[in-house]
Protein chains: 2
Amino acid sequence: MIQINYRDPRPIYEQLRDGFRQLILTGVLEPNAKMPSVRELAASLAINPNTIQRAYRELEAEGCICSVPGRGSFVCKTDAAVLARRTELTAQLQQAVGELRTLGLTDEEIIALMKEGNDHD
Amino acid sequence: MIQINYRDPRPIYEQLRDGFRQLILTGVLEPNAKMPSVRELAASLAINPNTIQRAYRELEAEGCICSVPGRGSFVCKTDAAVLARRTELTAQLQQAVGELRTLGLTDEEIIALMKEGNDHD
DNA sequence: TTAACTGTATTAGTTGGTTTAGTACAGTTA
DNA sequence: TAACTGTACTAAACCAACTAATACAGTTAA
């Protein structure tokens with residue numbers, strides 16, 4: 001369902017949080033689907049339950065999941081979560097574009113880069 | 001010349017490296033210009049010389065500066081350095097674009113985001 | 001009710017990367 | 001010679017990330 005990469009310098013909880021966010025916001029994990037339990041996922045990934053808990057806590061703060069003590073954690077895709085992610089990606093996009101411009105690239109060249117090497121409709 | 005931000009979670013040596021790279025690749029610091037000496041910059045920023053050295057070492061590995069024992073470090077903008085940065089930014093751009101697409105945005109909408117809120121010729 | 005699950009909280013300890021500190025060596029310049 | 005330069009090395013301090021162990025409370029089903 002989700003994998004962690006120990007060569008990735010990012011902390012495990014970030015990899016989990018970002019990986020699940022991707023699955024949820026893109027609809028791979030559908031709303032109301034049950035997330036793996038903290039202990040279950042910790043056992044299957046051979047990491048500490050606290051690390052899972054931290055990722056889940058942040059996903060809940062973002063509006064991606066809802067956790068209910070005793071019952072479990074469930075996908076709960078929120079408009080706010082989608083918008084927040086879109087805003088974040090827009091900032092990243094604009095920063096990369098800004099620096100590419102300072103390197104002398106024109107908007108046409110940047111748009112070409114953007115379309116190359118990607119599947120696009 | 002360069003500033004460090006203690007609220008920035010990134011390590012100091014990365015802030016220095018990225019800040020100088022920006023100044024060099026954009027031409028603010030011209031080729032053959034003398035970089036501040038390791039000890040001088042360490043004193044003026046009130047940080048350890050080893051931290052400066054680490055940033056300089058990486059900038060030299062990237063081809064942004066050339067260090068000469070006894071003489072100092074000098075701006076040495078290389079085609080390879082420009083290309084490497086361009087490749088890096090392209091990857092960032094394409095990743096942001098890819099995820100924005102999975103959120104349902106069309107290329108036209110993404111291009112609009114890219115142009116909005118930026119100075120562009 | 002009991003047992004087994006669930007999320008949550010807390011405290012303490014380990015680990016690894018960053019940074020500091022001190023020292024040393026060698027090349028350059030005036 | 002004296003003062004600068006980059007470079008190298010070791011040791012220690014520091015801090016965030018992560019682990020570990022334990023505990024508490026709510027839910028679910030036999």
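Proteins get letters first, then strands, A, B, ... in listed order; numbering begins at 1 in each. What you see is a predicted model; the values in this text were computed from it and never measured.
- Distance I4(A) CD1 to dA17(D) P: 16 Å, rounded to the nearest Å.
- Per the geometry, CG belonging to L45(B) stands 14 Å off C1' belonging to dT19(C), to the nearest Å.
- Nucleotide dA30(C): paired with dT1(D) (Watson-Crick or G-U wobble, both distances less than 3.5 Å).
- Between the side chain of S73(B) and the backbone N or O of S67(B), no donor-acceptor pair lies under 3.5 Å.
- Protein atom CZ of F74(A) is 13 Å distant from nucleotide atom C1' of dG26(D), rounded to whole Å.
- In this structure, the CZ atom of R54(B) is 18 Å from the C1' atom of dG6(D), given to the nearest Å.
- The CG-P distance, from N48(A) to dG13(C), rounds to 16 Å in whole Å.
- Among the candidates Q53(B), R54(B), R57(B), the single residue satisfying the side-chain hydrogen bond (donor to acceptor under 3.5 Å, both in side chains) test with Y13(B) is R54(B).
- Between the side chain of E99(B) and the backbone N or O of L89(A) there is no donor-acceptor pair closer than 3.5 Å.
- The CZ-C1' distance, from R17(B) to dT19(C), rounds to 16 Å in whole Å.
- When atom types are taken as modelled, the side chain of T78(B) and the backbone of C76(B) share a donor-acceptor pair closer than 3.5 angstrom.
- The distance from atom CD of E58(B) to atom P of dT19(C) is 11 Å, rounded to the nearest whole Å.
- Put simply, OH on Y13(A) is 21 Å from P on dT15(C), counting in whole angstrom units.
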Check nucleotides 2-9 of chain C for protein N or O atoms closer than 3.5 Å to its own N or O atoms and list the pairs.
{"unit_1": "dT6(C)", "atom_1": "OP1", "unit_2": "S37(A)", "atom_2": "OG", "d": "3.0"}
{"unit_1": "dT6(C)", "atom_1": "OP2", "unit_2": "S37(A)", "atom_2": "OG", "d": "3.4"}
{"unit_1": "dT6(C)", "atom_1": "O2", "unit_2": "G70(A)", "atom_2": "N", "d": "3.1"}
{"unit_1": "dG7(C)", "atom_1": "OP1", "unit_2": "V38(A)", "atom_2": "N", "d": "3.3"}
{"unit_1": "dG7(C)", "atom_1": "OP2", "unit_2": "V38(A)", "atom_2": "N", "d": "2.9"}
{"unit_1": "dG7(C)", "atom_1": "N7", "unit_2": "R39(A)", "atom_2": "NH1", "d": "2.9"}
{"unit_1": "dG7(C)", "atom_1": "O6", "unit_2": "R39(A)", "atom_2": "NH2", "d": "2.8"}

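- Here dT19(C) sits opposite dA12(D) as a Watson-Crick or G-U wobble pair (both hydrogen-bonding atom distances under 3.5 Å).
- Residues V38(B) and P49(B) come closest through the heavy atom pair CG1-O, 3.4 Å.
- Heavy atoms only, all atoms of each residue included: R101(B) and K115(A) are closest at NH2-CA, 4.2 Å.
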